[in-house]
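As structure tokens, the structure follows; a few thoughts come after it.
Numbered from 1 within each chain, the chains take letters A, B, ... in sequence-line order.
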Number of protein chains: 2
Amino acid sequence: MAAKTDDSGPVLPAAIESAWGLRERPPKGPRPGMSVPAIVDAAVRVADADGLAAVSMSRVAKELGAATMALYRYVGSKDELLMLMVDTGYGPSPGPPAPEDDWRAGLTRWAWAEHKVLRQRSWLLHVPISGPPITPQQLGWMEDGLRCLDGTVLGEGEKMSVLLLITGYVRNEATLTSQIAEGSRAAGVEPSEMMPAYGRLVARLIDPARFPALHRVLRAGVLYQDDDPDDEFVFGLDRILDGVEALIQRRAG
Amino acid sequence: MAAKTDDSGPVLPAAIESAWGLRERPPKGPRPGMSVPAIVDAAVRVADADGLAAVSMSRVAKELGAATMALYRYVGSKDELLMLMVDTGYGPSPGPPAPEDDWRAGLTRWAWAEHKVLRQRSWLLHVPISGPPITPQQLGWMEDGLRCLDGTVLGEGEKMSVLLLITGYVRNEATLTSQIAEGSRAAGVEPSEMMPAYGRLVARLIDPARFPALHRVLRAGVLYQDDDPDDEFVFGLDRILDGVEALIQRRAG
DNA sequence: CTAGTTCTGCGTATGGTCTACGCATAACAG
DNA sequence: CTGTTATGCGTAGACCATACGCAGAACTAG
């Protein structure tokens, strides 16, 4: 009769709960020789140095001077470790918008912050994300993004959708440029030669009669140039923000 | 003096070249018992039935009644097989826009076509894409998208950027909704209960003082509702197309 | 018709992955 | 001192991709 019904809903993995500061150490048993943050930091170090593919349980254990199976006392599975890696990989959120920023300036800053993180840690893009964000820092990013839209006429659901739209774009843009970088490393080509090589390849493959529009793009030299990736980024971001602005003005007017 | 210099640039994997209809069968040796398309179809069948994780070389071979290593006579590596799976998984492009469609209607149709494919074959989202598109049908999709923008004032580079923006959005939206679906299957929860459960979870975790904006979203009930995913999709797509429209009008006016 | 060449199918083996299980030990509670 | 509980981790199982090499089939040249 004392026990409350368990309304916890979906059960959180143990390591995530401890990331939120819940769950205290039981007083019995030998003292732990490692800690979850230490393991996650080691895994992040491996990923930073050699990419996500190099992150195996044994490699992370070696990094810590421990045995492979020791890690499983701290994380329930490799997937759990990956989730925690994403959390610390993103790092702390960029903070609330500056007082002088309107929503557009704020979101621009917010998008650039994520852009910068993903450029530095492109392995974040390779982590198979397996659900909506539940780690502290991920929700921190969301919070800061929402604050940028605080004064606007948009509904709460619309704010959320706008944020989703922008993170999605940032992730996508980062994925594309990192693919080019990784592809050039794999093929042993200069990164600046990657797009031109791609352009030549497509030109060799397609039949202008069956791919007229694509052929025109090639003739214009679009794929041959090694554009500044930041220009690409700004273009798309401005398009999206223009779209949001149109919505806001329609709602207001 | 006869041989031309090899200007082929980056060397295409053998199986991709044969997808373009280059490369003929050498006349000697035993007749092949399989074919690349048959292998790719079998792999797609496995992915459709049991997801991308079930696609292993041995599983595909079993599907064909062949030995594992026999496949390597046809595809150079598993990655190559994955690339071909993406090509046939997307299927033929939706075709050029209807004559009565303006650019916006055409791109809307184009986006919905990809949306439909990704909803049916969500494993396509899990394939680690390893470079810009080079398979026939992928370039076919690009061609059809470019044609939607044919009459507009946009430059060729801008058309390309707009297309990238839209596919990126479609992929991202599909990723999110498929994650919810997969998460609900993994947790054994009704799909319609997934978002409400997520909302309750976040509400339990966050401190309203530290996450005021997020807290407000929760109070508005946004995360508790099981929205029609199509509505989400339309919202984002309209925002992007509004942004493109703003650009076109600025260029024109 | 025969010999040589070349390609197919595939068995074997290597080195990697994650992780279930169980044991010895360490630290506390009573 | 004894029982309980948690830790570290060795072993082993079940997968995985794929390098290598051999037997035999199908063609060509003589």
Side-chain angles (χ1 to χ4, degrees), chain A residues 13-15 17-18 22-40 42-43 46-47 50-85 123 126-128 130 186, chain B residues 13-15 17-18 23-40 42-43 46-47 49-85 123 126-128 130 186:
Chain A
E17 282 211 330
S18 70
L22 317 173
R23 180 170 307 240
E24 65 280 8
R25 199 181 93 74
K28 286 198 180 180
R31 211 135 296 138
M34 295 182 269
S35 70
V36 175
I39 292 174
V40 175
V46 171
D50 297 336
L52 190 68
V55 177
S56 69
M57 297 306 267
S58 60
R59 173 73 187 276
V60 173
K62 196 174 295 174
E63 193 81 6
L64 290 163
T68 305
M69 290 311 293
L71 304 187
Y72 282 93
R73 291 284 173 195
Y74 298 86
V75 292
S77 68
K78 188 183 179 180
D79 284 344
E80 207 174 298
L81 174 58
L82 287 175
M83 197 185 297
L84 295 167
M85 284 176 68
W123 54 265
H126 296 316
V127 179
S130 50
Chain B
E17 283 212 329
S18 69
R23 180 172 308 237
E24 64 281 8
R25 199 181 92 73
K28 285 198 183 180
R31 209 131 303 135
M34 296 181 269
S35 71
V36 176
I39 292 173
V40 176
V46 171
D50 297 336
L52 190 68
V55 177
S56 71
M57 296 306 267
S58 59
R59 172 73 189 273
V60 173
K62 196 174 295 176
E63 192 82 5
L64 290 163
T68 306
M69 290 310 292
L71 303 186
Y72 283 93
R73 292 283 173 195
Y74 297 86
V75 292
S77 68
K78 187 183 180 179
D79 284 343
E80 208 175 296
L81 174 58
L82 288 175
M83 196 186 298
L84 295 168
M85 283 176 68
W123 56 264
H126 296 314
V127 178
S130 52

Atom [atom1] of [X] and atom [atom2] of [N]: how far apart are they, to the nearest Å?
X       : N      : atom1 : atom2 : value
B/Arg59 : D/dT18 : CZ    : C1'   : 20 Å
B/Leu71 : D/dA17 : CG    : C1'   : 12 Å
A/Glu80 : C/dC18 : CD    : P     : 15 Å
B/Met57 : C/dT12 : CE    : C1'   : 17 Å
A/Lys78 : D/dC15 : NZ    : C1'   : 14 Å
B/Ile39 : C/dT8  : CD1   : C1'   : 12 Å
B/Tyr72 : C/dA13 : OH    : P     : 18 Å
A/Leu64 : D/dG8  : CG    : P     : 11 Å

Can you tabulate the close N/O pairs, meaning under 3.5 Å, that link protein atoms to atoms of nucleotides 21-30 of chain C?
from: C/dC28; atom 1: OP1; to: A/Arg31; atom 2: NH2; distance (Å): 2.0

So, applying side chain to side chain contact (heavy atoms under 4.5 Å, CB included) with A/Glu63, which one of A/Val55, A/Val46, A/Ile39 is it?
A/Val46

Drop me the distance from [X]'s [atom1] to [Y]'s [atom2], to the nearest 0.5 angstrom.
X       : Y        : atom1 : atom2 : value
B/Asp50 : B/Arg59  : CG    : CZ    : 4.5 Å
A/Leu71 : A/Met57  : CG    : CE    : 5.0 Å
A/Glu80 : A/Ser130 : CD    : OG    : 10.5 Å
A/Met85 : A/Lys78  : CE    : NZ    : 8.5 Å
B/Arg73 : B/Met34  : CZ    : CE    : 10.5 Å
A/Tyr74 : A/Leu84  : OH    : CG    : 14.5 Å

Need one value for B/Ser77: base, sugar-phosphate or nothing, where a base atom within 4.0 Å counts as base even if backbone is also close, heavy atoms only.
sugar-phosphate

Categorize A/Ser58 for me: base, sugar-phosphate, or nothing, with a 4.0 angstrom heavy-atom threshold over every strand shown.
sugar-phosphate

For a quick test of reading the model: is some side-chain N or O of B/Tyr74 closer than 4.0 Å to OP1 or OP2 of C/dG9?
yes

Closest approach to the side chain of B/Pro32, judged atom by atom: which nucleotide of C/dT8, D/dT18, D/dC9 is it?
C/dT8

By nearest heavy atom, map A/Ala54 and A/Gly76 onto DNA chain C; which one lands nearer the 5' end?
A/Ala54

